[in-house]
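A short write-up of the structure that comes next.
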Amino acid sequence: MDNFIKSPMVSVIMPAYNAENYINDSINSVFSQTYTDWELIIVDDGSTDATALKVKSWIEKDNRIQYYYQENGKQGKARNLGISKSKGEYLAFLDADDLWLPDKLNIQIIEIQKKNVDLVFSNAYIFNNDEIFDVSKKMNIQADIFYDNNWVKFFLEMNRIPILTVLVKKEKVIKVGCFSEELEIQNVEDYHLWLKLLMSNCTFCSLNYILAKYRIHNNSATSADKMALNKIPNAFYDLLQFFPDYKKLIKDGLKLQFKLIYKKNLFTKKELSILIKKNTKYISKSYITYFYLGLNFFLPTKITKRFLIYLLNY
């Protein structure tokens, strides 16, 4: 490592829920890092399988591993517990079914200090279940620096940061209150945090490296919540309460997200009524809620959705 690059401790936060089938591979990918000044904090989020036993066998091998158990509280609460126990200057996040490539931490420690930014992230491979060696698919992450209002708008369009590729200054995460533990924001709590950081004048850098492997399987958090897209407006509405300077950008982002929800999902009239109330409230148009509820009552949902897409969220 270059002489002017410090070698600070990295606290790796790993939430785990019923991860007995995959956690050994994930832990091993941390042990395989060429950068060795790390601690691994595993937070068992109420597992009912053999996750704890798997972790115990690793703890006996290396004192850099810590294990904590909590009643099931979802990812945000688990990650926050890990952060509260951490000693590192930097935080990295790895779910108990994903993998890092060996130079992940080493490359990012160098780059975050050289570029003097608050958060770095990178590209990652995508693989299905046990196809660990499949490198045919990857996320489309382009190298850039993100730091002002134009980039806030860019990030409000979609979550562009794979959490398993992140390295971030701990002090910055703590300053914005860490991850949200609100149940209505879980599964998008990482996206919510990135936006909080960006709106708090943090600078991000995406790196032109592939440094991790993201596993897709039926039991993963994203797969288990097919309506995760529907939680993004909850995250944006929360941001609206704390970042008034970004009011217009957030509301524009809300409109875009509601459009995507209507386009990508089928709803019963009851489900659509609930969404209409949320939509009008979040974009400060509650005064016309009953107009759209009336449309939903008298018209097919397919027609009502067109009004919601092209009129309410125009």
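All values reported here derive from a predicted model rather than from experimental measurement.
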Look only at the side chain of [X] and the backbone of [Y], and say whether a donor-acceptor pair between them is shorter than 3.5 Å.
X      : Y      : answer
Ser26  : Ala96  : yes
Asp118 : Lys172 : no
Asp49  : Ala19  : yes
Lys259 : Leu308 : no
Asn265 : Ile261 : yes
Lys104 : Leu99  : no
Asn72  : Asp45  : yes

Taking atom [atom1] of [X] as the centre, report whether more than 12 heavy atoms of other residues, nucleotides or ligands fall under 6.0 Å from it.
X      : atom1 : result
Lys277 : NZ    : no
Tyr69  : OH    : yes
Lys170 : NZ    : yes
Glu182 : CD    : no
Lys247 : NZ    : no
Tyr147 : OH    : no
Gln241 : CD    : yes
Lys264 : NZ    : no

Please report whether the ring centroid of Phe31 lies less than 6.0 Å from that of Trp100.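 No, ring centres 6.0 Å or more apart.
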For the ring pair Phe93 and Phe179, is the centre-to-centre distance below 6.0 Å?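 Yes, the ring centres sit under 6.0 Å apart.
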Nearest 0.5 angstrom please: [X] [atom1] to [Y] [atom2], how far?
X      : Y      : atom1 : atom2 : answer
Phe121 : Trp194 : CZ    : CH2   : 9.5 Å
Lys270 : Leu275 : NZ    : CG    : 14.5 Å
Asn28  : Ile23  : CG    : CD1   : 12.0 Å
Lys114 : Glu111 : NZ    : CD    : 6.0 Å

Give every residue pair that meets the side chain to side chain donor-acceptor pair (under 3.5 Å) criterion with at least one member in residues 295-313, sequence neighbours excluded.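 Of all non-adjacent pairs touching residues 295-313, those that pass side chain to side chain donor-acceptor pair (under 3.5 Å) are Ser273-Asn296, Asn279-Asn313.
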So, is the end of the Arg160 side chain (NZ or CZ) under 6.0 Å from the ring centre of Tyr191 and within 45° of the ring's axis?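 Arg160 over Tyr191 ring: no.
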Over 60° means perpendicular and under 30° means parallel, so tell me whether Phe154 and Phe146 are parallel, tilted or perpendicular.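 Because their plane-to-plane angle is under 30°, the rings of Phe154 and Phe146 count as parallel.
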Apply side-chain hydrogen bond (donor to acceptor under 3.5 Å, both in side chains) to Ser84 and list each qualifying residue two or more places apart in sequence or on a separate chain.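 Per chain and number, Ser84 pairs via side-chain hydrogen bond (donor to acceptor under 3.5 Å, both in side chains) with no residue.
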Contacts of type side-chain hydrogen bond (donor to acceptor under 3.5 Å, both in side chains), residue Asp98, not counting sequence neighbours: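 Counting only residues at least two positions away or on another chain, Asp98 forms no side-chain hydrogen bond (donor to acceptor under 3.5 Å, both in side chains).
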If only side-chain N and O atoms count, and only distance matters, is there a donor-acceptor pair under 3.5 Å linking [Y] with [X]?
X      : Y      : answer
Asp144 : Trp151 : no
Ser200 : Lys175 : no
Tyr35  : Asp103 : no
Tyr68  : Gln66  : yes
Thr51  : Asp44  : no

Report the C-alpha distance between Glu181 and Asn80 in whole Å, list the side-chain angles of each, state the deciding distance to 0.1 Å, and finish with yes or no for side-chain hydrogen bond (donor to acceptor under 3.5 Å, both in side chains). CA-CA 8 Å; Glu181 297 183 13; Asn80 286 346; 3.0 Å; yes
Going by the rule ring-ring contact (aromatic ring centres under 6.0 Å, His included), which residues pair with Tyr209 if we only count those two or more places apart in sequence or in a different chain?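 Tyr209: no ring-ring contact (aromatic ring centres under 6.0 Å, His included) contacts found.
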Is there any salt bridge (charged side-chain N to carboxylate O under 4.0 Å, His left out) pair reaching into residues 79-89, and which pairs are they, with sequence neighbours excluded?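 Matches after skipping sequence neighbours: Lys6-Glu89, Arg79-Asp95, Arg79-Glu189.
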Other members of the hydrophobic cluster containing Phe298, with the 4.5 Å side-chain heavy-atom rule, please.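 The other cluster members (ILVMFWY side chains, heavy atoms under 4.5 Å, direct or chained) are Phe297.
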